[in-house]
Amino acid sequence: LVLILDYGSQYTHLITRRIRTLSIFSLCISGTSSLKSITDLNPSVIILSGGPHSVHSPDAPSFPDGFVEYVEKNGVFVLGICYGLQLIVQKMGGEVAIGEKQEYGRMVIEVVKDYGGGGLFMGRKVGDKQVVWMSHGDEAVRLPVGFEVVARSEQGAVAAVANPGRRFYGLQYHPEVTHSPEGMDLLRHFFFDICGITAGWKMEDVMEEEIKVIKGMVGPDDHVICALSGGVDSTVAATLVHKAIGDRLHCIFVDNGLLRYKEQERVMGTFERDLHLPVTCVDASVQFLSELKGVTDPEKKRKIIGKEFISIFDAFAHELEQKLGRKPTYLVQGTLYPDVIESCPPPGSGRTHSHTIKSHHNVGGLPKDMKLKLIEPLKLLFKDEVRELGRILDVPVSFLKRHPFPGPGLAVRIPGDVTQGNALDILRQVDEIFIQAIKDAGIYDVIWQAFAVFLPIKTTGVQGDQRTHSNAVALRAVTSQDGMTADWYYFEHKFLDDVSRKICNSVRGVNRVCLDITSKPPSTIEWE
Ligand code: XMP
């Protein structure tokens, strides 16, 4: 295990993922975790991440007392990156100065010690140069006893240090970002040649291990429930649990009347035909839509949808209890690793550590008296790893690549009352034309999310020699890494022209098509 102690760098998730791509298991925990949390994980390598703090600030986060003694006694290798390097220097008897030469962005560094071809920069000789990505203000000016400078920046600042005898290493730059083109080579060499780690972390093993854990956790008489949203995470989580405990897993899929064109058929087809999952499909569209009638406030709409979902879920659990003679004990959730990582918040962010631990409920919360224990089999995985796990579990690739779809469904794509006129019907048709065109153009996979929005205004048009007074729709497509920030997607004009014509020619009630050209921020991805 490579353990990353996080000090708040924006690249901490990235380095965790990069290491996993080397088939090495890596985990990230808060940089201020207790010594026991660290020793319990028994890591062979520890990375101290970068972070926005200065080691001189009074609230500078640090590793716990006894850390250095623990790693030395147990032969653990330590690599400090940026702030992590400065922490090593400061804590082990060196000196870090508030930087006069601040270095941000692309820099050239030069190897100044090569350990006869070994060391951090294997195969590189003294005088060899490479481009790296720096981002620091403070700088190490005096190293602790036994440490040597291995590389310097063009400005003369310390860029890499090593104390091979004590297994401590440090990089002032970020090897994990693509702007450090030789960074991955360095990490590969560090883990495999210096630390002697053997690659062997495979998704097949993760799957077997998770199945073993679930089997051990769920007793022979226990029953498990899962709400399937039609999204990748809950589907993969349910498929994995089903593989472990078979039909003691009971899934529910709710048609809330806010789904996309033929969504229920498509999703149920995948669950039943491809995955053989036992799913109860509840058509609650009438119930949802009657509760939503006349409601225009976006937050109210969301709350109503959440509440209705809970009542249906409650009824499902109750029915199961009647049928099985006992209450279901566990609930499966598709929580992912980014949702559970506890990171060191940047100073001044107003966040405390506990605030940053999120528990994600796609279903909008659950009844408090249910007292269900959680099974979260994906909680150590990133989204792309969940997709890989899904592939191994034979979830169809087309399903795994589906764009995210929000829990409140089309309700957040119809500003105002979702039951107005035939807004839902119009929106479904427009959305289907748009998405199909995107698929036909071969650009579905490069877009994070694309959808149509029903605009609750009527504008004048002329169709078939007649004036019309019909609705306008908007098209939205964004690229993103994680949905937190997003850029609007640049379509070719011809594509937009074709889609616009097709929509106005085939969807009754639409005479105008607009394109949403805002990024996030300032907009959000959804319209509500
Ligand atoms: P926004 O609109 O906040 O959306 O920029 C970011 C991402 O989250 C999705 N989203 C939701 N997903 N329940 C969900 O499961 C919700 O209530 C919800 N609201 C937004 C959105 O589709 C986008 O991918």
Side-chain angles (χ1 to χ4, degrees), residues 1-4 9 11-12 14-26 43-50 71-72 75-86 88-89 92 94 103 105-136 139-140 143-201:
L1 167 72
V2 172
L3 182 65
I4 293 122
S9 162
Y11 302 126
T12 306
L14 185 63
I15 191 154
T16 314
R17 297 172 62 142
R18 288 267 193 264
I19 296 169
R20 290 187 186 186
T21 63
L22 298 173
S23 301
I24 300 170
F25 184 47
S26 62
S44 40
V45 180
I46 293 177
I47 292 187
L48 308 175
S49 89
V71 293
E72 292 201 300
V76 180
F77 288 81
V78 178
L79 175 66
I81 294 178
C82 198
Y83 177 79
L85 176 151
Q86 292 164 11
I88 291 174
V89 170
M92 295 180 75
E103 296 179 310
R106 231 177 236 105
M107 296 275 157
V108 175
I109 61 163
E110 181 176 334
V111 176
V112 295
K113 171 142 185 83
D114 65 11
Y115 292 96
L120 276 175
F121 299 95
M122 188 179 68
R124 295 299 210 123
K125 298 203 166 47
V126 169
D128 281 354
K129 294 184 176 164
Q130 61 181 269
V131 171
V132 299
W133 185 258
M134 291 272 196
S135 178
H136 70 106
E139 97 177 72
L143 297 189
V145 178
F147 279 75
E148 287 185 288
V149 179
V150 184
R152 283 191 185 276
S153 72
E154 273 181 328
Q155 301 194 67
V158 170
V161 303
N163 184 339
R166 293 176 75 182
R167 301 185 192 83
F168 275 85
Y169 298 83
L171 298 172
Q172 187 54 68
Y173 65 93
H174 288 275
E176 68 275 26
V177 303
T178 47
H179 304 298
S180 297
E182 294 173 58
M184 278 309 280
D185 287 342
L186 180 134
L187 288 176
R188 197 175 289 116
H189 163 63
F190 175 72
F191 293 125
F192 296 136
D193 304 326
I194 297 182
C195 306
I197 288 187
T198 37
W201 191 68

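This one's a predicted model, so the numbers in the text were calculated from it and none came from an experiment.
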Would you mind reporting whether [Y] and [X] have side-chain heavy atoms less than 4.5 Å apart?
X	Y	answer
Ile194	Met122	no
Leu143	Asn163	no
Ile109	Met134	yes
Glu154	Met107	no
Ile19	Ile4	yes
His174	Ile81	yes

Separation between [atom1] of [X] and [atom2] of [Y], rounded to the nearest 0.5 Å:
X	Y	atom1	atom2	answer
Tyr11	Ser135	OH	OG	6.0 Å
Ser44	Arg167	OG	CZ	11.5 Å
Ile47	Ile15	CD1	CD1	4.0 Å
Ser49	Leu85	OG	CG	12.5 Å
Thr178	Leu14	OG1	CG	8.0 Å
Phe192	Ser23	CZ	OG	7.0 Å

task = Take the angle between the ring planes of Phe190 and Tyr169 and call it parallel below 30°, perpendicular above 60°, tilted in between.
result = perpendicular
message = Does Met184 form a side chain to side chain contact (heavy atoms under 4.5 Å, CB included) with Thr21? I'd like the steps, not just the answer.
response = CA-CA 10 Å; Met184 278 309 280; Thr21 63; 4.0 Å; yes
Counting only N and O atoms by type, is there a donor-acceptor contact under 3.5 Å from the side chain of [X] to the main-chain atoms of [Y]?
X	Y	result
Ser26	Thr16	yes
His189	Gly119	yes
Ser180	Trp133	yes

State, to 0.1 Å, how close [X] and [Y] come at their nearest heavy-atom pair, and which atoms those are.
X	Y	result
Pro144	Ile88	CG-O, 4.3 Å
Leu186	Leu120	CD1-O, 3.6 Å
Cys82	Gly50	CB-CA, 4.0 Å
Arg124	Val111	CB-CG2, 4.0 Å
Val131	His179	CG1-O, 4.2 Å
Val158	Arg152	CG2-NH1, 3.8 Å

message = Checking Phe121 against Val150 for the side chain to side chain contact (heavy atoms under 4.5 Å, CB included) test, could you report, in this order, the C-alpha distance in whole Å, the side-chain angles of both residues, the deciding distance, and whether it holds?
response = CA-CA 8 Å; Phe121 299 95; Val150 184; 3.6 Å; yes
Test: Asp128 and Lys125 ion pair at under 4.0 Å = no
query = side chain to side chain donor-acceptor pair (under 3.5 Å) with Trp201: which residues, sequence neighbours excluded?
reply =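 Expected list: none.
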inquiry  = Among residues at least two apart in sequence or on other chains, which ones pass side chain to side chain donor-acceptor pair (under 3.5 Å) with Arg18?
reply    =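 For Arg18, no residue satisfies side chain to side chain donor-acceptor pair (under 3.5 Å) once neighbours in sequence are set aside.
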task = Kindly determine whether Gln86 and Val89 satisfy side chain to side chain contact (heavy atoms under 4.5 Å, CB included), including the steps that lead there.
result = CA-CA 5 Å; Gln86 292 164 11; Val89 170; 5.6 Å; no
